[in-house]
Amino acid sequence: MLKIGDKAPSFTALDQNETIHSLSDYLGKKIVIYFYPKDMTSGCTTESCDFRDNLSRVKSGGAFVFGISPDSVKSHKKFEEKESLNFPLLSDQDKQICKAYFVWKEKSLYGKKYFGVERTTYIIDENGIISKIFNKVTVSGHVEDVLINLTQM
């Protein structure tokens with residue numbers, strides 16, 4: 001498990017526009033990474049739209065936002081277009097980023113066990129160090145919690 005004070009695991013991934021993003025490209029800046037299970041599902045849409053609607057507030061806190069899920073670049077593009085999202089959605093189809101951040105977990109639904117993304121958000125400081133972890137995120141009010149933590153950094 002990762003904890004506050006750990007160096008954030010590095011990654012490189014394509015976004016919905018096939019632009020490559022590496023964590024190392026953002027050293028010197030705060031980063032909010034939210035991991036979500038699936039494009040165009042109700043909770044993920046609500047969370048993504050909350051980040052969309054509050055992006056100027058996140059940026060005024062000096063941070064960039066990335067959404068990450070195992071969905072494809074093509075799926076992310078459809079999601080971005082449908083919801084008018086205004087930040088990068090990184091594709092982690094091989095689940096290596098999800099595993100590095102310990103969000104790929106065994107889950108259970110109606111007694112059936114399966115693996116999937118546990119909704120989790122990380123705030124990474126300008127030095128690439130994890131400054132806050134939100135585990136098992138409840139979508140309602142989450143972006144406000146992120147904003148409060150950004151102002152305290």
**Message:** side chain to side chain contact (heavy atoms under 4.5 Å, CB included) for Ile123 and Asp125? Distances and angles first, verdict last.
**Reply:** CA-CA 7 Å; Ile123 299 177; Asp125 74 12; over 6 Å; no
**Prompt:** After noting the C-alpha distance and the side-chain angles of Leu85 and Phe79, does the key distance pass the side chain to side chain contact (heavy atoms under 4.5 Å, CB included) rule?
**Reply:** CA-CA 8 Å; Leu85 300 177; Phe79 190 33; 3.8 Å; yes
**Prompt:** Should Leu147 and Val58 be marked as a side chain to side chain contact (heavy atoms under 4.5 Å, CB included) after you check the CA-CA gap, both sets of side-chain angles, and the distance that decides it?
**Reply:** CA-CA 6 Å; Leu147 289 164; Val58 172; 3.7 Å; yes
**Asked** Would Glu80 and Lys77 satisfy salt bridge (charged side-chain N to carboxylate O under 4.0 Å, His left out), going step by step from the backbone distance to the final call?
**Response** CA-CA 5 Å; Glu80 172 204 39; Lys77 187 65 178 172; 2.9 Å; yes
**Asked** Taking it one step at a time, do Glu118 and Lys107 satisfy salt bridge (charged side-chain N to carboxylate O under 4.0 Å, His left out)?
**Response** CA-CA 8 Å; Glu118 183 175 273; Lys107 299 168 88 175; over 6 Å; no
**Asked** Glu126 and Leu27: side chain to side chain contact (heavy atoms under 4.5 Å, CB included), yes or no, with the steps?
**Response** CA-CA 6 Å; Glu126 299 89 343; Leu27 280 176; over 6 Å; no
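Between Asp92 and Lys95 there is no salt bridge, since no side-chain nitrogen of the basic residue lies less than 4.0 Å from a carboxylate oxygen of the acidic one. With respect to the salt-bridge test (charged N to carboxylate O, under 4.0 angstrom), the residues Arg119 and Glu47 qualify. By the 4.0 Å N-to-carboxylate-O rule, Arg57 lies close enough to Glu144 to be salt-bridged with it.
Side-chain N/O atoms of Tyr36 and Thr41 include no donor and acceptor closer than 3.5 Å. A donor-acceptor pair shorter than 3.5 Å can be found between the side chains of Ser75 and Asp39. Under the 3.5 Å distance criterion, with hydrogens and angles disregarded, no donor-acceptor pair is assigned to the side chains of Asp71 and His76.
Hydrophobic clustering (ILVMFWY, side-chain heavy atoms < 4.5 Å, transitive): Met1 and Val117 are in one cluster. The hydrophobic clustering, which links ILVMFWY residues whose side-chain heavy atoms are closer than 4.5 Å, places Ile33 and Phe51 apart.
Counting only distance, with no hydrogens or angles, the side chain of Thr120 and the backbone of Val103 share no donor-acceptor pair below 3.5 Å. Formation of a donor-acceptor pair under 3.5 Å by the Tyr26 side chain with backbone atoms of Phe64 is not found in this model. Side-chain atoms of Asn149 never come within 3.5 Å of backbone atoms of Val146 as a donor-acceptor pair (strictly under, hydrogens ignored). Looking only at distances, no side-chain donor or acceptor of Asn127 sits under 3.5 Å from a matching main-chain atom of Ile129. Panel note: side chain Gln16, backbone Phe87; a donor-acceptor pair is recorded below 3.5 Å.
Taking each heavy atom of Leu2 and Ala100 in turn, the nearest pair found is CD1-O, 3.7 Å. The two residues Pro37 and Ser69 make their nearest non-hydrogen contact at O-CB, 4.2 Å.
Within 6.0 Å of the CD atom in Gln96, the count of heavy atoms belonging to other residues, nucleotides or ligands exceeds 12. More than 12 non-hydrogen atoms from other residues, nucleotides or ligands lie less than 6.0 angstrom from NZ of Lys99. Counting non-hydrogen atoms of other residues, nucleotides and ligands closer than 6.0 Å to NZ of Lys59 gives a total of 12 or fewer.
Taking CG from Leu89 and OG from Ser72, the interatomic distance works out to 11.0 Å, rounded to the nearest 0.5 Å. Ile4 CD1 to Ile130 CD1: the interatomic distance, rounded to the nearest 0.5 Å, is 8.5 Å. The line from CG of Asn135 to CD1 of Ile133 is 6.0 Å long, rounded to the nearest 0.5 Å. Separation of atoms SG (Cys44) and CZ (Phe35) is listed at 13.0 Å; rounding is to 0.5 Å. Separating the CE atom in Met40 from the OG1 atom in Thr45 is a distance of 8.0 Å, to the nearest 0.5 Å. The structure places CG of Leu14 at 8.0 Å from OG1 of Thr19, a figure rounded to the nearest 0.5 Å.
Ring planes of Phe66 and Phe11: perpendicular class, angle over 60° (limits at 30 and 60°). Ring geometry, Trp104 versus Phe115: the interplanar angle falls under 30°, so the pair is classed parallel (tilted spans 30 to 60°).
The side-chain heavy atoms of Tyr34 and Ser48, taken from C-beta on, include a pair separated by under 4.5 Å. Taking 4.5 Å as the limit, some side-chain heavy atom of Ile124 sits within range of a side-chain heavy atom of Leu23.
Of the candidates Ile31, Asn54, Val32, Val32 is the only one forming a side-chain contact (heavy atoms from CB on, under 4.5 Å) with Val65. Results of the side chain to side chain donor-acceptor pair (under 3.5 Å) test with His142 over Asp50, Thr121, Thr46 single out Thr121 as the only residue that passes.
With a 6.0 Å cutoff to the six-membered ring centre and a 45° limit on the axis angle, Lys132 counts as a cation-pi contact of Phe134.
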